[in-house]
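Everything on this sheet refers to the single structure shown next.
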Amino acid sequence: MKVFFVGAGPGNPDLLTLRAARLLENCRCCVYAGSLVSPEVLALLPASAETHDSASMTLEETTAVCKRASETETDVVRLHTGDPAIYGAIREQMAELDKLGIAYEVVPGISSFQASAAALKTELTAPEISQTIILTRTGGRTPMPEKQDLHSLARTESTLCIFLSVHKIEEIAETLAIYYGANCPAAVVYRASWPDQAVLEGSLSTIAKKVLEAKIGKTAMIVVGRALERTGIASKLYDANFSHGYRKGDE
Ligand code: SAH
């Protein structure tokens, strides 16, 4: 018996990994993050599967489901939105399973930052502009470590993918404009890959107004950086003068 921490992907079931889809189709017991996992993904579960929405459960309660399942040798699918390793709170769940001696495995998923980049049809990295992507959030009930506040991260001028924060878009855009310039591209993707996906594109000076007008307050990714500009320096990777045999440090 095992608990499988499974990445449900951003929403559309055709963005599940084959492994995740197989586990869902054969599942007998599933604990899912109800607020974010899409109904289309949950529809892959057999009608006979026992299901629990973790949104209204404590850690003790989700652990108890796993313990009960272990007594009847039933595998559990613990379904997390996107990739379980990003804001998935799997660490504490695993610690509880360790105490009980219950085995587990992680099945990665496509994260919402990747689905958002796809919706924007953009590359998140750009030669000489940004070779770093920062996945971050602003503080909420979980405070931000002091050295990782938005000002410190913005100083690097990396591409930023900001989770869990669209409700603070005005404040975020204002802060980032100090470092990236008010005309830097900024985008918000609401429910990437869902049927009601919305893509808002603008600059740090226009994006907040667009978000407020569209009344987007949750389940959205903020993407900011000069890498989103269409113009720029082409990558050396496909340069005619760039021999693939002699790349130093590039793959
Ligand atoms: N593990 C998830 C993130 C969970 S935190 C992942 O890898 O994607 C929840 C936050 O993820 C939301 O507040 C939002 O910022 C983002 N998110 C989740 N699903 C999304 C989607 N389909 N489109 C845009 N953002 C999404």
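Both ligands and their constituent atoms are indexed starting at 1 by order of listing.
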Minimal heavy-atom distance between G139 and K168, with the atoms involved, is O-NZ, 2.6 Å
Which of the numbered atoms in ligand 1 are below 4.0 angstrom from a heavy atom of V189?
24 (C)
Could an N or O of ligand 1 be found under 3.5 Å from any N or O of P10, whether backbone or side chain?
yes
More than 12 heavy atoms of other residues, nucleotides or ligands under 6.0 Å from CD of Q131: yes or no?
yes
Looking at every non-hydrogen atom in both residues, tell me the closest pair between I222 and V166 and how far apart they are.
CD1-CA, 3.9 Å
Under a 4.0 Å heavy-atom limit, does A220 contact ligand 1 with its side chain, its backbone, both, or neither?
backbone
Would you mind finding which of G9, A85, S112, G88 brings a heavy atom closest to atom 8 (O) of ligand 1?
S112
Among pairs that include at least one residue of residues 36-80, which meet ring-ring contact (aromatic ring centres under 6.0 Å, His included), considering only residues two or more places apart or in two chains?
none
Would you say the side chain of R137 lies within less than 4.5 Å of the side chain of M144, judging by non-hydrogen atoms?
yes
Report the C-alpha separation of S130 and T159 in whole Å, then their side-chain angles, then the decisive distance to 0.1 Å, and conclude whether the side chain to side chain donor-acceptor pair (under 3.5 Å) test is met.
CA-CA 6 Å; S130 176; T159 309; 2.9 Å; yes
Under 4.0 Å from a heavy atom of W194: give me the atoms of ligand 1 that qualify, with their elements.
22 (N)
Will you find, in the side chains of R191 and N12, an N or O donor that is under 3.5 Å from an N or O acceptor?
no
Where is the nearest protein heavy atom to atom 11 (O) of ligand 1: which residue, which atom, and how far?
F163 CD2, 3.5 Å
Atoms of ligand 1 close to L36 [distance to a heavy atom under 4.0 angstrom, numbered from 1]
9 (C)
Do ligand 1 and A192 have nitrogen or oxygen atoms that lie under 3.5 Å from each other?
yes
Among non-hydrogen protein atoms, atom 12 (C) of ligand 1 lies closest to L164 N, 4.1 Å
Mind checking whether I178 and I207 sit in one hydrophobic cluster, side chains of I, L, V, M, F, W, Y counted as touching below 4.5 Å?
yes
Show which atoms of ligand 1 fall inside a sub-4.0 Å distance from at least one heavy-atom site of S111.
6 (C), 7 (O), 8 (O)
Under a 3.5 Å distance rule, please check whether S54 uses its side chain to pair with a backbone N or O of Y32 as donor and acceptor.
yes
Consider ligand 1: state whether an atom of it lies below 4.0 angstrom from any non-hydrogen atom of S193.
no
Give the atom numbers and elements of ligand 1 that come within less than 4.0 Å of a heavy atom of T81.
1 (N), 2 (C), 4 (C), 6 (C)
So is R191 in contact with ligand 1, going by heavy-atom distances below 4.0 Å?
yes
Is it true that K2 and D75 have a side-chain N and a carboxylate O under 4.0 angstrom from each other?
no
For I86, the ligand 1 atoms whose distance to one of its heavy atoms is below 4.0 Å:
1 (N), 2 (C), 3 (C), 4 (C), 7 (O)
Below the 3.5 angstrom mark, is there an N/O of D83, backbone or side chain, next to an N/O of ligand 1?
yes
